[in-house]
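Note sheet for the following structure.
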Amino acid sequence: MGEHSQEKKLGCGILNAVFRKRNKRSATVDSLTVKNNEVISTSSNTKKGPSGSDEPSFLDSSVNGPEAIPKPCTKQPPNHIKPAAVYQQNQLPKPLEEETKIKHNQASMNPARKLPKESISISGELESIIVDHQKTKGNNNLIRASSSNMMLHGSLGNLRQPGGGRGGGGNMTSYNVPKTETEHSTPNGKYPNGVKGHVVKKHDKEKRAERQPASLCRALSTRMDPETLKIMGNEDYKNGNFVEALALYEAAIAIDPNKASYRSNKSAALTALGRILEAVFECIEAIRIEPHYHRAHHRLANLNLRLGEVEKAIYHYNQVGPEADPNDITKAKTLQSHLNKCTEAKIQRDWKNLIKETDSTINGGEDSAPQIYALKAEAMLKLHRHQEADEVLLKGPNFNVDDSTKYFGPIANANVLVVRAQVDIAAGRFEDSLATLQRAARLDSNNREANTVMRKAKALADARSNGNEHFKASRFSEACVAYGEGLDHDPHNSVLLCNRAACLSKLGRYDNAVEDCTRALNVRPGYSKARLRRADCNSKLGKWEASIQDYEFLQKETPDNEEIQRGLSEARMQLKKQHV
């Protein structure tokens with residue numbers, strides 16, 4: 001009995017759940033069980049839940065109890081002659097059973113065999129859902145059930161498999177989960193595609209991936225009941241499973257796209273995942289469906305405030321109705337005051353005060369406003385604090401260009417892109433800067449600053465390219481000249497300064513090389529290549545203390561670097577000899 005209990009009729013519940021609207025069909029449903037990595041077709045009667053409705057068997061508490069040995073499922077061919085004797089339901093005489101089984105197997109072996117229309121509509125729908133899920137998730141762990149021409153996921157629902165426990169369980173990730181980007185990903189390896197404080201950690205994603213097979217099962221078993229999907233989504237949301245909650249809300253919307261609460265809940269899940277602009281669009285859609293939906297208005301107001309759109313936020317706070325919190329509007333007006341001070345500081349070119357006001361604005365609640373981060377980064381550039389400017393944009397949001405344009409408008413988004421391009425130039429990412437500036441020019445062809453910065457980026461890129469060619473050919477004097485031409489356009493560019501220092505070092509001009517490295521480190525203190533080059537040049541100049549200082553700084557950053565360890569040991573030894 002123990003052996004047979006592992007081969008229970010386990011697929012019955014999931015097919016009933018998926019196709020429970022087909023209540024006019026026979027109460028007997030094909031089921032599937034897995035044995036020795038093969039799928040065997042069986043049949044059983046559906047079980048009635050406590051309310052009398054058909055419930056998936058894996059939701060019934062009796063699933064863990066003993067069951068009778070499953071019998072092979074048989075289905076009469078269209079022209080089969082009924083036997084004279086009366087048999088129990090789903091039971092055929094042994095000769096007829098064998099004949100049916102043979103025909104059925106032959107049909108499953110022949111891919112070109114045309115199935116009845118009803119069979120295609122059932123299996124085709126299920127197969128399409130699962131295939132879509134597999135394409136989205138990149139998981140091809142499938143078992144083909146030849147007895148019914150369906151495809152089931154390896155650990156779908158409550159199927160028992162040899163060598164393992166029950167499949168399924170866990171929380172829901174729907175079959176149409178959009179590819180979210182919850183990793184700390186960056187275009188061109190620079191900026192995170194997310195919002196401060198809402199980046200999903202990698203290990204969390206891996207755990208969710210392990211639960212996806214069971215989640216697919218849950219989606220299939222309830223996909224015709226959007227309210228149930230919403231309730232399941234709410235449960236996942238409360239438990240912090242935002243990816244799963246989002247998938248469930250999307251499944252509910254796919255069934256009933258005109259329900260405002262589904263859109264609003266989806267917006268909450270997107271917000272928790274740091275996908276702020278997408279959350280805004282869902283809230284807007286919810287309000288379009290139900291204009292007086294107070295919760296959606298309040299949620300949209302909060303999002304607008306985070307994005308720096310204070311006037312829009314105040315408008316929606318006023319639409320919340322009697323539940324409105326006066327503190328919300330007070331907070332919005334305070335942030336508006338900081339924004340005005342930011343604008344005034346930029347006009348007056350008071351860069352230090354601009355940094356102060358942008359910090360106040362971000363800390364006050366506008367933590368997802370690209371314009372605020374761009375203003376702060378621009379002020380850092382003007383003060384020649386290039387490394388800090390880069391760090392500011394890394395901490396800020398990096399929305400999709402099209403989404404940003406849709407929400408902020410092409411002119412505002414073009415201004416943000418121009419600042420980002422300037423930060424790229426300061427960090428030596430000339431090609432990335434050109435690509436960003438081209439996007440900005442397409443958004444706002446009248447942006448003069450974009451055209452000016454683009455000419456600068458081209459000149460710097462050409463200078464570095466020419467200098468690199470000369471350096472590779474050991475024409476160090478010509479390389480110095482080429483890098484110098486680029487520095488005429490940007491005297492504080494750390495990359496060109498460091499490259500010229502390398503040429504000067506090759507020419508034996510160590511003092512000049514140290515000067516260029518120092519200038520590069522003034523704007524980018526974390527520029528390890530420039531610090532290492534300065535340490536080496538100081539060693540050649542016999543300035544052992546200065547050399548040791550740089551080597552010790554580098555050793556803290558990269559303790560396993562053998563070149564740094566050798567240089568530090570040599571400098572210490574020479575300094576000791578000098579004092580003897």
Side-chain angles (χ1 to χ4, degrees), residues 186-192 351-352 354-355 358-359 373-396 398 418-434 436 453 456-457 459-461 463-465 467-468 471 479-480 482-505 510-538 546-547 549-559 561 563-564 567:
T186 64
N188 301 316
K190 301 187 295 299
Y191 302 113
W351 306 119
K352 291 183 178 180
L354 178 56
I355 292 172
T358 52
D359 282 337
Y373 286 92
L375 282 173
K376 185 177 179 180
E378 183 180 6
M380 294 291 187
L381 290 175
K382 297 296 184 181
L383 295 172
H384 305 305
R385 294 159 62 178
H386 296 176
Q387 182 174 319
E388 292 174 84
D390 205 4
E391 291 169 353
V392 166
L393 293 188
L394 282 170
K395 293 178 182 177
N398 183 34
V418 170
V419 174
R420 177 157 289 175
Q422 290 174 311
V423 172
D424 284 340
I425 289 174
R429 300 187 290 261
F430 304 138
E431 290 76 12
D432 295 340
S433 174
L434 286 170
T436 301
V453 176
K456 176 181 176 181
L460 293 173
R464 183 176 64 179
S465 179
N468 290 349
F471 188 88
C480 276
Y483 293 133
E485 290 174 353
L487 289 168
D488 291 339
H489 295 276
D490 185 3
H492 300 281
N493 191 276
S494 58
V495 172
L496 294 181
L497 284 167
C498 188
N499 286 5
R500 188 171 71 175
C503 297
L504 294 169
S505 176
Y510 301 119
D511 286 326
N512 298 124
V514 168
E515 289 177 4
D516 276 356
C517 288
T518 300
R519 290 173 60 190
L521 289 168
N522 287 338
V523 295
R524 287 179 64 193
Y527 194 7
S528 299
K529 186 180 290 187
R531 191 173 296 277
L532 180 61
R533 187 155 288 149
R534 187 173 71 174
D536 180 66
C537 289
N538 277 324
S547 178
Q549 186 177 359
D550 280 335
Y551 277 130
E552 287 178 343
F553 184 93
L554 291 167
Q555 189 180 42
K556 293 178 182 178
E557 299 293 325
T558 54
N561 190 298
E563 181 182 359
I564 294 172

Closest heavy-atom contact between V514 and C537?
CG2-CB, 3.6 Å
Compare every heavy atom of C503 with every heavy atom of F471, then report the nearest pair and how far apart it is.
CD1-SG, 3.6 Å
For L504 and C480, what are the C-alpha separation, side-chain angles and deciding distance, and is it a side chain to side chain contact (heavy atoms under 4.5 Å, CB included)?
CA-CA 7 Å; L504 294 169; C480 276; 3.9 Å; yes
What distance separates L434 CG from K456 NZ, expressed to the nearest 0.5 Å?
12.5 Å
R531 versus C517: any side-chain heavy-atom pair under 4.5 Å?
no
Quick one, R420 with V423, criterion side chain to side chain contact (heavy atoms under 4.5 Å, CB included). Give me CA distance, side-chain angles, the key distance, then yes/no.
CA-CA 5 Å; R420 177 157 289 175; V423 172; 5.7 Å; no
Using modelled atom types only, decide if a donor and an acceptor are shared between the side chain of R500 and the backbone of L487 within a distance under 3.5 Å.
no
Kindly give the heavy-atom pair with the smallest separation between G486 and L460, and that separation in Å.
O-CD2, 3.1 Å
Between L554 and L532, is there a side-chain heavy-atom distance shorter than 4.5 Å?
yes
The residue among I355, V523, N522 that forms side-chain contact (heavy atoms from CB on, under 4.5 Å) with R385 is I355
For side-chain hydrogen bond (donor to acceptor under 3.5 Å, both in side chains), just list the numbers for T518 and R534, CA-CA rounded to whole Å, side-chain angles, deciding distance to a tenth of an Å, and then say yes or no.
CA-CA 7 Å; T518 300; R534 187 173 71 174; 3.2 Å; yes
For Y510, ring-ring contact (aromatic ring centres under 6.0 Å, His included) partners two or more places apart
none
Approximate separation, where rounding is to 0.5 Å, of W351 CH2 and M380 CE
12.5 Å
Roughly how far, to the nearest 0.5 Å, is CG of N398 from OH of Y373?
12.5 Å
Closest heavy-atom contact between N538 and A546?
ND2-CB, 3.8 Å
Do R533 and C498 pass the side chain to side chain contact (heavy atoms under 4.5 Å, CB included) test, and can you show the C-alpha distance, the side-chain angles, and the key distance before you say yes or no?
CA-CA 8 Å; R533 187 155 288 149; C498 188; 3.3 Å; yes
Would you mind checking if D390 and R429 are paired as a salt bridge, meaning a charged N to carboxylate O distance below 4.0 Å?
yes
Looking at I564 and Q555, what are the two nearest heavy atoms and their distance?
CG2-N, 4.0 Å
Checking side-chain contact (heavy atoms from CB on, under 4.5 Å) against K376, which of T358, L354, L381 comes through?
T358
Would you call R464 and E431 a salt bridge, taking side-chain N to carboxylate O under 4.0 Å as the test?
yes
Any heavy-atom pair between the side chains of P491 and R519 that's under 4.5 Å?
yes
Could you please spell out the steps behind the side chain to side chain contact (heavy atoms under 4.5 Å, CB included) verdict for D516 and N512?
CA-CA 6 Å; D516 276 356; N512 298 124; 6.0 Å; no
Mind listing the closest non-hydrogen atom pair of A535 and S547 along with its distance?
O-OG, 3.0 Å
If you define the side chain from C-beta out and look only at heavy atoms, does anything of T558 sit under 4.5 Å from S528?
no
Can you tell if the side chain of K352 reaches within under 4.5 Å of the side chain of L383, non-hydrogen atoms only?
yes
Going by the side chain to side chain donor-acceptor pair (under 3.5 Å) test, which pairs reach into residues 483-497, not counting sequence neighbours?
N468-Y483, D490-N493, S494-R524
